[in-house]
Amino acid sequence: MTNVGTSLGALLAGWTVQVGTVTAYRLPVLGNAVAFAASAAILLFLPPVAPPPAVRWARREQRASDARAPRPESAAV
């Protein structure tokens with residue numbers, strides 16, 4: 001999909017330079033503004049989504065101290 005968008009953008013830019021009028025230069029800017037407004041409208045009408053439940057992670061200091069904790073005698077090699 002990215003290649004299609006890049007190709008169409010290059011085609012429009014080439015057409016704009018070929019025509020060379022003020023209207024031709026304003027048209028891509030106007031099209032970009034319309035696409036931005038359409039994206040914002042779509043985003044506003046999406047239903048809200050609840051965030052995922054929080055995962056409790058150990059603090060970094062706690063993990064570091066656990067790594068330096070002495071091993072039980074049965075685990076000694």
Side-chain angles (χ1 to χ4, degrees):
M1 199 58 158
T2 302
N3 292 339
V4 173
T6 302
S7 299
L8 291 177
L11 183 67
L12 179 62
W15 175 82
T16 300
V17 171
Q18 182 68 31
V19 172
T21 63
V22 174
T23 305
Y25 282 101
R26 288 183 181 165
L27 187 62
V29 175
L30 181 64
N32 192 19
V34 169
F36 184 79
S39 298
I42 290 170
L43 185 63
L44 287 174
F45 288 110
L46 286 175
V49 177
V55 177
R56 306 191 114 216
W57 296 92
R59 288 186 8 217
R60 178 177 291 185
E61 299 85 20
Q62 183 180 357
R63 284 183 289 173
S65 66
D66 289 347
R68 289 189 297 261
R71 289 192 218 174
E73 293 301 321
S74 61
V77 177

- Query: Tell me, do L12 and W15 make a side-chain contact under 4.5 Å, heavy atoms counted?
  - Reply: yes

- Task: Taking the side chain as every heavy atom from C-beta outward, state whether Y25 and V17 have any atom pair closer than 4.5 Å.
- Result: yes

- Note on the structure: Minimal heavy-atom distance between P28 and A24, with the atoms involved, is CD-O, 2.9 Å

- Message: Let me confirm one number: the OG1-CG distance from T16 to L11, rounded to the nearest 0.5 Å.
- Response: 9.5 Å

